[in-house]
Amino acid sequence: MCSVVVGSRVRVGPVHTVVASTLRLRTEAGRWSGSAARSRRLFPGNEPLRAAGRAFCSGAAPQHGGGILFRQLFEAESSTYTYLLADPETREAVLIDPVLETIDRDLKLIEELGLSLTLAVNTHCHADHITSTGQLKKRLAGLKSAISKFSGASADVHLSEGDKITFGKHHLSVRETPGHTDGCVTLVMGDRSMAFTGDTLLIRGCGRTDFQQGSSRRLYQSVHRKIFTLPDQCLIYPAHDYRGQTVSTVGEERRFNPRLTKSLEEFEEIMSNLNLPKPSKIDVAVPANLVCGLHEV
């Protein structure tokens, strides 16, 4: 069974500054070109904007050729990447791992590009920042939130292995990749050209496993069974990077990841001796993120 997201156009309210790295990805041909933007009319005031309802139904969504509109955005305090993907023809869009502090930036970009945001999805229940999904829903009437059914968090859509998130003629497939937390998922483009790995697989690293139901063994198995089985050229986009890196590939991580190239026993030993400090926002972020980022915000 799969969840198909059928989007409709949403207009956004006034927002402020925008910082974005701009890329346009040709998912099958592999060619990059400049992105196009449409002008959109702003609604006055702060009231929610009207949008037609979304439909979630069973069945597979076909994946056709053609480009997607793609933006990789960065939040500096938690070193979090947010990803915006859209169909350039229908303008339907999804937002992955949005951060509360950058909500105005993200809404402004969506408005500038003339996009209809249908779904805001978190790859897991984050411990180092508060998600903006709840606030986004307040400002975009009809927007849906999504997270793994194993996360323990509330959302409009609870994702499972094999679910499909559609935007226009494109889709993301859900792969359950627990280990950092029970509710981690990796989102893979239908043509397997890109994978959004959350905290499961980082560039030359991986998420920690010493809190939030963490398990080094499960993380190792998730990566080797669900991510390293993707094509070598599949681009890896993580939820974080702390060294200025933006993208890797499955082939690179299979060869060069200093943790996940080890045996399972060696990996477990490495992870048990990281001795990392507790995330500074964990006591606030986790309770908030269990309710779409709205608890005591």
Side-chain angles (χ1 to χ4, degrees), residues 72 74-75 78-83 96-97 122-129 147-148 150-152 159-162 172-189 191-282 285-286:
Q72 182 183 46
F74 187 68
E75 193 280 312
S78 61
S79 298
T80 299
Y81 285 122
T82 296
Y83 299 97
I96 300 171
D97 287 334
N122 283 295
T123 54
H124 63 290
C125 184
H126 299 275
D128 54 3
H129 68 269
I147 198 168
S148 166
F150 296 112
S151 66
L159 301 169
S160 300
E161 179 78 20
L172 292 162
S173 294
V174 176
R175 296 190 177 198
E176 293 171 351
T177 50
H180 174 61
T181 73
D182 280 349
C184 288
V185 296
T186 291
L187 306 174
V188 182
M189 279 296 297
D191 63 359
R192 303 200 299 173
S193 61
M194 295 190 292
F196 301 91
T197 56
D199 284 18
T200 300
L201 178 63
L202 307 179
I203 299 172
R204 306 300 191 268
C206 64
R208 61 194 295 176
T209 57
D210 58 335
F211 61 84
Q212 278 187 291
Q213 317 93 39
S215 166
S216 299
R217 179 174 293 266
R218 293 186 77 194
L219 188 146
Y220 186 92
Q221 292 169 341
S222 291
V223 171
H224 281 267
R225 295 173 182 176
K226 299 289 185 69
I227 300 175
F228 282 179
T229 52
L230 292 166
D232 278 355
Q233 67 272 21
C234 178
L235 299 174
I236 296 295
Y237 288 103
H240 301 281
D241 189 83
Y242 309 97
R243 292 171 291 181
Q245 302 167 112
T246 57
V247 64
S248 185
T249 67
V250 169
E252 283 184 32
E253 295 308 312
R254 253 201 309 250
R255 292 178 61 196
F256 304 124
N257 192 294
R259 297 178 185 174
L260 289 154
T261 50
K262 307 295 186 183
S263 69
L264 173 58
E265 293 72 21
E266 291 172 316
F267 177 75
E268 289 181 309
E269 180 68 18
I270 291 170
M271 298 303 290
S272 66
N273 288 288
L274 292 179
N275 299 316
L276 297 172
K278 185 174 76 169
S280 60
K281 286 189 174 182
I282 187 171
V286 171

Which heavy atom of [X] sits nearest a heavy atom of [Y], and at what distance?
X: Ser193; Y: Met189; answer: OG-CB, 3.9 Å
X: Gly207; Y: Leu219; answer: O-CD1, 3.6 Å
X: Ser148; Y: Val185; answer: CB-CG1, 3.8 Å
X: Ile270; Y: Pro258; answer: CD1-O, 4.4 Å
X: Pro178; Y: Ser222; answer: O-OG, 2.6 Å

Could you give the distance from [atom1] ([X]) to [atom2] ([Y]), rounded to the nearest 0.5 Å?
X: Leu159; Y: Ser151; atom1: CG; atom2: OG; result: 9.0 Å
X: His240; Y: Leu202; atom1: NE2; atom2: CG; result: 7.5 Å
X: Asp199; Y: Cys125; atom1: CG; atom2: SG; result: 11.0 Å
X: Leu274; Y: Ser216; atom1: CG; atom2: OG; result: 8.0 Å
X: Asp182; Y: Gln213; atom1: CG; atom2: CD; result: 4.5 Å
X: Thr123; Y: Ile147; atom1: OG1; atom2: CD1; result: 8.0 Å

With side chain to side chain contact (heavy atoms under 4.5 Å, CB included) as the criterion, how do Thr246 and Tyr81 come out once you've worked through the C-alpha distance, each side chain's angles and the decisive distance to 0.1 Å? CA-CA 9 Å; Thr246 57; Tyr81 285 122; 3.7 Å; yes
Would Leu172 and Phe196 satisfy side chain to side chain contact (heavy atoms under 4.5 Å, CB included), going step by step from the backbone distance to the final call? CA-CA 9 Å; Leu172 292 162; Phe196 301 91; 4.1 Å; yes
Should Tyr220 and Leu260 be marked as a side chain to side chain contact (heavy atoms under 4.5 Å, CB included) after you check the CA-CA gap, both sets of side-chain angles, and the distance that decides it? CA-CA 7 Å; Tyr220 186 92; Leu260 289 154; 3.9 Å; yes
For the pair Cys206 and Phe267, evaluate side chain to side chain contact (heavy atoms under 4.5 Å, CB included) and give the outcome as yes or no after the intermediate values. CA-CA 11 Å; Cys206 64; Phe267 177 75; 3.8 Å; yes
Considering residues at least two apart in sequence or located in another chain, which fulfil the side-chain contact (heavy atoms from CB on, under 4.5 Å) criterion with Ser160?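 Scan of Ser160 (side-chain contact (heavy atoms from CB on, under 4.5 Å), adjacent residues dropped) gives Lys149, Asp163, Glu176.
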Identify, with sequence neighbours excluded, every residue that meets side-chain contact (heavy atoms from CB on, under 4.5 Å) alongside Arg208.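 Here the qualifying residues are His180, Asp210, Phe211, Leu276, Pro279.
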I'd like to check the side-chain hydrogen bond (donor to acceptor under 3.5 Å, both in side chains) partners of [X]; sequence neighbours left out, ordered by chain and number.
X: Ser215; answer: none
X: Asn275; answer: none
X: Arg192; answer: none
X: Thr177; answer: Thr186, Thr200

Could you tell me whether the side chain of Ile236 reaches within less than 4.5 Å of the side chain of Thr249, counting heavy atoms only?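 Counting from C-beta outward, Thr249 and Ile236 never come under 4.5 Å.
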Side chains of Thr80 and Glu75: donor-acceptor distance under 3.5 Å anywhere?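 Side chains of Thr80 and Glu75: no pair found under 3.5 Å.
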Pair Ser78, Asp128: side-chain N/O donor-acceptor within cut-off below 3.5 Å: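 No, Asp128 and Ser78 have no side-chain donor paired with an acceptor closer than 3.5 Å.
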Taking only residues two or more places apart in sequence, or in another chain, which ones meet [X] in a salt bridge (charged side-chain N to carboxylate O under 4.0 Å, His left out)?
X: Arg259; value: none
X: Arg217; value: Glu268
X: Lys281; value: Glu77, Glu101

Centroid separation Tyr237 to Tyr83 less than 6.0 Å: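 Ring-ring flag for Tyr237/Tyr83: true, centres closer than 6.0 Å.
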If we ignore hydrogens and angles and just use 3.5 Å, is the side chain of [X] paired with the main-chain N or O of [Y] as donor and acceptor?
X: Glu253; Y: Arg204; result: yes
X: Gln212; Y: Val286; result: no
X: Asn257; Y: Gly205; result: yes

Pairing of Arg175 and Glu161 as salt bridge, 4.0 angstrom limit: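 Salt bridge absent between Arg175 and Glu161.
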Using the test ring-ring contact (aromatic ring centres under 6.0 Å, His included), find all partners of His129 that sit at least two apart in sequence or belong to another chain.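 ring-ring contact (aromatic ring centres under 6.0 Å, His included) list for His129, sorted by chain: His126.
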Using ring-ring contact (aromatic ring centres under 6.0 Å, His included) as the criterion, list what pairs up with Phe228, not counting sequence neighbours.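 Phe228 satisfies ring-ring contact (aromatic ring centres under 6.0 Å, His included) with His224 only.
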Determine which pairs satisfy salt bridge (charged side-chain N to carboxylate O under 4.0 Å, His left out) with at least one residue from residues 236-251, sequence neighbours left out, and list them in order.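 Counting only pairs at least two positions apart or across chains, no salt bridge (charged side-chain N to carboxylate O under 4.0 Å, His left out) contact touches residues 236-251.
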